[in-house]
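Counting starts at 1 for both ligands and their atoms, following the listed order.
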Amino acid sequence: ELEVALKVVIVGDGGVGKSSMIQRYCRGTFTRDYKKTIGVDFLERQIEIDGEEVRLMLWDTAGQEEFDAITKAYYRGAHACVLAFSTTDRDSFLALHSWKLKVENECGEIPTIIVQNKIDLMDQCVVGPDEAELVARALGCRLMRASVKEDVNVGAVFRALAARCLAD
Ligand code: GDP
Ligand code: MG
């Protein structure tokens, strides 16, 4: 039986927790000053969905998102996408639409989940729950809330994406 391998791109403004999310999911670690990228294109983790082995390759950026300089190679062949924003960064929320378009331009319509990260900082929240739902609906994506720091919902995001890909 063939193993399924899925390339997942994680996009969103700098500082929302993309690298942390990948690190958390694939290595089980979290650090506060996780600045530089991992030095490789992606980290991977193998999971089982309905008895099927799935190898998830989670692609990180080396901070190029800050300069709008993500290369086509980053998006090429992606099967699924995490669109991340931060609970404490309103600009990152407002940027979701343009991130969605970039992914769509390079990959077409692929399963995408919007992740509101840093829900451990709800006391500093700058995005209303209803507007987050509205934007998710407008972009045709499921919205999930997560805390990479507290390890809340990180695994659930990638399981849901993998399940979506297998169902397609
Ligand atoms: P990236 O630029 O999107 O890759 O973001 P990073 O992964 O480098 O994270 C930026 C900062 O946010 C780092 O200091 C992380 O430790 C922090 N961070 C990431 N996820 C969380 C979270 O869920 N809660 C909190 N409080 N901080 C987080
Ligand atoms: Mg990063």
Looking at V154, is its backbone amide N or carbonyl O close enough to the side chain of Y25 to form a donor-acceptor pair, meaning the two atoms are under 3.5 Å apart? no
Has S147 got a side-chain atom pairing as donor or acceptor with K118's backbone, closer than 3.5 angstrom? no
Do V16 and V115 share a hydrophobic cluster, counting only Ile, Leu, Val, Met, Phe, Trp and Tyr and linking them when any side-chain heavy atoms are less than 4.5 Å apart? no
Going by the closest heavy atom to atom 4 (O) of ligand 1, which one wins out of A84, S92, S19? S19
So, 4.0 Å and heavy atoms of T61: is ligand 1 close enough to count as a contact? no
Check the pair M21 / F158 against side chain to side chain contact (heavy atoms under 4.5 Å, CB included), numbers first and verdict last. CA-CA 10 Å; M21 190 179 301; F158 294 110; 4.0 Å; yes
Looking at D50, I'd like to know if its CG atom is crowded, meaning that more than 12 non-hydrogen atoms belonging to other residues, nucleotides or ligands lie closer than 6.0 Å. no
Under 3.5 Å: donor-acceptor pair, side chain of N117, backbone of V148: yes
Should the pair F42 and W59 be assigned to parallel (<30°), tilted (30 to 60°) or perpendicular (>60°) ring geometry? parallel
Heavy-atom distances under 4.0 Å are what count here, so tell me which part of D120 touches ligand 1: side chain, backbone, both or neither. side chain
Heavy-atom nearest neighbour of atom 28 (C) of ligand 1 within options Q23, E66, K118, K18: K118
Would one find an N or O of L121, backbone or side chain, under 3.5 Å from an N or O of ligand 1? no
Numbered atoms of ligand 1 (with element) below 4.0 Å of T31, judged on heavy atoms: 15 (C), 16 (O)
Using a 4.0 Å cut-off to any heavy atom of E65, which atoms of ligand 1 qualify? 2 (O)
Please determine if D60 has a nitrogen or oxygen closer than 3.5 Å to a nitrogen or oxygen of ligand 1. no
At less than 4.0 angstrom from any non-hydrogen atom of G14, what atoms of ligand 1 do you find? 2 (O)
Using 2.8 Å as a strict upper limit, say whether an N, O or S atom of T61 approaches the Mg ion (ligand 2) that closely. no
Which is closest to atom 2 (O) of ligand 1 in terms of heavy atoms, G15, A146, G17, S86? G15
Short side-chain to backbone donor-acceptor contact, R90 and V127, under 3.5 Å: no
Relative to the heavy atoms of S147, which atoms of ligand 1 are at a distance of less than 4.0 Å? 23 (O)
Taking only non-hydrogen atoms of M21, do any sit less than 4.0 angstrom from ligand 1? no
State, to 0.1 Å, how close E65 and D13 come at their nearest heavy-atom pair, and which atoms those are. CG-C, 4.1 Å
Relative to the heavy atoms of S20, which atoms of ligand 1 are at a distance of less than 4.0 Å? 6 (P), 7 (O), 9 (O), 15 (C), 19 (C)
